[in-house]
S.K.: 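Okay, handing you the structure first.
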Amino acid sequence: MSGYVDLQLNGYFGVDFNDESVTDAQLLRVCERLAKDGVDSVLATIITASPEQMLGRVRRVADFCEIHPTESRVIAGFHIEGPFINSSDGYVGAHPKTWVMSANLDLTKRLIDAASGRLRMMTLAPEMDAGASVTTYLVSQGILVAGGHGNPTRDELRHFIDAGLSMWTHLGNGCPGTLPRHDNIIQRVLSLAENLTITFIADGHHVPAFALRNYIHLAPAENVVIVSDAMLAAGLGPGKYHFADQMVDVDEDGAAWSEDRTHLAGSAATLSLMEAVLRNQVGATESQVQAWMRDNPRRLLAAATDS
């Protein structure tokens, strides 16, 4: 069986992609560990920070991939999550509000250049992209565009799907804990699941297993992808960790909390742990795990790479 494909990895085994001072030795170590843990490919995920920090972090990993093409082959490219997201409480999640902004083409093009042809996916809030101009441009460059950390109306979602939006990032997260009971972002995205690939974090903390089972059953099997959203604590266990300019507290149950414990801040789970959650708590079959954790994300990645 082929290895896992993870479209959202912020860091792993003590190494943070969101640190422009990360060394080649550290990046080599994380690549070796991912391969050892059965991961074939990941998208190194850079989250919201100042534009110069984001650009520096992307360049740092891109330079490593250029210098070490064989050793870095597990890093299939970048997923940039933010800064074009909704700054409202809940929707902003663990992203620093200071640097959240409306979508603009100038920064988008600078991020693409910094990635040296390796930008494969960007997550943005549709309501932050006036006229879908950034979405349209990204799609024209063969880059996957996912909605996330936002609260577009159903009509806005339809409009963005027509413009090329093809995914939604970690549904059930990046939104407030309390929502209107019927018309909310989770229901809107699920109602359009025929038109969107939806990613989920299956660590048992971001979405309870019973809710994850409900969500997944409403989406076509070919439109479900499991992502880890892992940060540097993945594989290390409980403790306090510095991730993307913030402190994260991983508790004894493996949940990664912000320092004030108001929200989760990435995941501390490996994909093998998530597979166990899917099998033992969600009731996923062998073929479903294969599709959600390997085949579907690999197909998306291949499409972005070939564009």
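Quick caveat, the model's predicted, so the values are computed rather than measured.
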S.K.: Could you report the tightest heavy-atom contact between S267 and I201, atom names first, then the distance?
M.R.: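 Looking at all heavy atoms of both residues, the closest pair is CB-CG2, 4.4 Å.
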S.K.: Given the rule in the side chain to side chain contact (heavy atoms under 4.5 Å, CB included) test, do I198 and L171 qualify, once you have shown the distances and angles that lead to the verdict?
M.R.: CA-CA 7 Å; I198 305 172; L171 189 66; 3.5 Å; yes
S.K.: Quick one: does E81's side chain have a donor or acceptor within less than 3.5 Å of a partner on I47's backbone?
M.R.: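 Checking the backbone N and O of I47 against the side chain of E81, no donor-acceptor pair under 3.5 Å is found.
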S.K.: Let me confirm one number: the OG1-CZ distance from T70 to R73, rounded to the nearest 0.5 Å.
M.R.: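 One gets 6.5 Å once the value is rounded to the nearest 0.5 Å.
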S.K.: Distance alone, cut at 3.5 Å: any donor-acceptor contact between the side chains of D253 and H205?
M.R.: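 There is no such pair (donor and acceptor under 3.5 Å, judged by atom type) between the side chains of D253 and H205.
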S.K.: For A302, is there any backbone N or O sitting under 3.5 Å from a side-chain donor or acceptor partner on R120?
M.R.: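 The answer is no, because no donor-acceptor pair under 3.5 Å joins these two groups.
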S.K.: Closer than 4.0 angstrom, basic N to acidic O: yes or no for R188 and D183?
M.R.: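 D183 and R188: salt-bridged.
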S.K.: Any side-chain to backbone donor/acceptor pair from E275 onto S272? Under 3.5 Å, distance only.
M.R.: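 Side chain of E275 to backbone of S272, a donor-acceptor pair under 3.5 Å: no, none is there.
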S.K.: Between the side chains of R279 and E286, is the shortest nitrogen-to-carboxylate-oxygen separation below 4.0 Å, so that they form an ion pair?
M.R.: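 Looking at R279 together with E286, the answer is yes, because their closest N to O distance falls below 4.0 Å.
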S.K.: Could you walk me through whether D16 and R57 pass the salt bridge (charged side-chain N to carboxylate O under 4.0 Å, His left out) check?
M.R.: CA-CA 10 Å; D16 186 6; R57 292 165 185 179; over 6 Å; no
S.K.: Between H170 and H206, does the ring centre distance come in under 6.0 Å?
M.R.: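 For H170 and H206, the ring centres are not under 6.0 Å apart.
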S.K.: Measuring from N104:CG to M128:CE, what's the distance to the nearest 0.5 Å?
M.R.: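 Result: 10.5 Å between the selected atoms.
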S.K.: Find out whether L271 and M293 are in side-chain contact, i.e. whether some heavy atom of one side chain is under 4.5 Å from a heavy atom of the other.
M.R.: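 When only atoms from C-beta onward are counted, M293 and L271 do touch, with a gap below 4.5 Å.
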S.K.: Taking 4.0 angstrom as the limit, do R60 and D19 come out as a salt bridge?
M.R.: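 Result for this pair is no, no salt bridge flagged.
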S.K.: Do the side chains of V100 and I46 join up, straight or via other hydrophobic residues, at under 4.5 Å, putting them in one cluster?
M.R.: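 Unlinked, V100 and I46 end up in two clusters.
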S.K.: Please check this pair: side chain of D203 against backbone of A269, looking for a donor-acceptor N/O pair closer than 3.5 Å.
M.R.: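 No; zero donor-acceptor contacts below 3.5 Å.
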S.K.: Quick one: do M247 and F243 end up in the same hydrophobic cluster if we chain Ile, Leu, Val, Met, Phe, Trp and Tyr together by side-chain heavy atoms under 4.5 Å apart?
M.R.: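 No; F243 is not reachable from M247 via cluster members.
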S.K.: Step by step, work out the salt bridge (charged side-chain N to carboxylate O under 4.0 Å, His left out) result for E66 and R59.
M.R.: CA-CA 10 Å; E66 189 71 27; R59 289 192 193 104; over 6 Å; no
S.K.: Hey, does the side chain of Q187 reach the backbone of N184 with a donor-acceptor pair shorter than 3.5 angstrom?
M.R.: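 Side chain of Q187 to backbone of N184, a donor-acceptor pair under 3.5 Å: no, none is there.
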S.K.: Report the distance from atom CG of L190 to atom CG of L218, rounding to the nearest 0.5 Å.
M.R.: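 Here the rounded value is 5.5 Å.
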S.K.: Short question: side chain of S72, backbone of I75 - any donor-acceptor pair under 3.5 Å?
M.R.: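 No: the side chain of S72 does not pair with the backbone of I75.
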S.K.: Which atom pair, heavy atoms only, marks the closest approach of N223 to A193?
M.R.: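 Answer, listing the atom of N223 first, then A193: ND2-O, 2.8 Å.
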S.K.: Could you grab the distance from atom CD1 of I85 to atom NE2 of H95, nearest 0.5 Å is fine?
M.R.: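 With rounding to 0.5 Å, CD1 (I85) is 4.5 Å from NE2 (H95).
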S.K.: On a heavy-atom basis, which atom in T169 and which in M121 lie closest, and how many Å separate them?
M.R.: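 Distance-wise, the nearest heavy atoms are OG1-CE, 3.9 Å.
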S.K.: At what distance, to the nearest 0.5 angstrom, does CZ of F160 lie from CG of L124?
M.R.: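 It is 7.0 Å, given to the nearest 0.5 Å.
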S.K.: What is the minimum heavy-atom distance between A62 and S116, and which atoms define it?
M.R.: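 Heavy-atom minimum between the residues: CB-OG, 4.4 Å.
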S.K.: Considering only NZ, NE, NH1 and NH2 on the basic side and carboxylate oxygens on the acidic side, decide whether D37 and R33 come within less than 4.0 Å.
M.R.: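 Counted as a salt bridge, because a side-chain N and a carboxylate O are separated by less than 4.0 Å.
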S.K.: For the atom pair CG (L9) and OH (Y4), what is the distance rounded to the nearest 0.5 Å?
M.R.: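 Answer for the CG-OH pair, L9 versus Y4, is 14.0 Å.
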S.K.: Judged by atom type as modelled, is there a donor-acceptor pair below 3.5 Å linking the side chain of H79 to the main-chain atoms of A44?
M.R.: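 Flag not set: sc H79 to bb A44 has no pair under 3.5 Å.
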S.K.: Taking the side chain as every heavy atom from C-beta outward, state whether P176 and D89 have any atom pair closer than 4.5 Å.
M.R.: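 Contact flag for P176/D89 side chains = no.
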S.K.: Please determine if R294 and D40 form a salt bridge, counting it only when a charged side-chain N lies under 4.0 Å from a carboxylate O.
M.R.: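 No, R294 and D40 are not salt-bridged.
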S.K.: Please list, chain by chain and in numerical order, all residues satisfying side-chain hydrogen bond (donor to acceptor under 3.5 Å, both in side chains) with S228, sequence neighbours excluded.
M.R.: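 side-chain hydrogen bond (donor to acceptor under 3.5 Å, both in side chains) list for S228, sorted by chain: D6.
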S.K.: Given 3.5 Å as the limit, does a donor-acceptor pair link the side chain of Q288 with the main chain of T285, or not?
M.R.: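 Indeed, once roles are kept as given, a pair shorter than 3.5 Å links the two residues.
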S.K.: Distance under 6.0 Å and angle within 45° of the ring axis: does R118 meet both against F78?
M.R.: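 Because its charged atom misses either the 6.0 Å distance or the 45° angle limit, R118 does not stack over F78.
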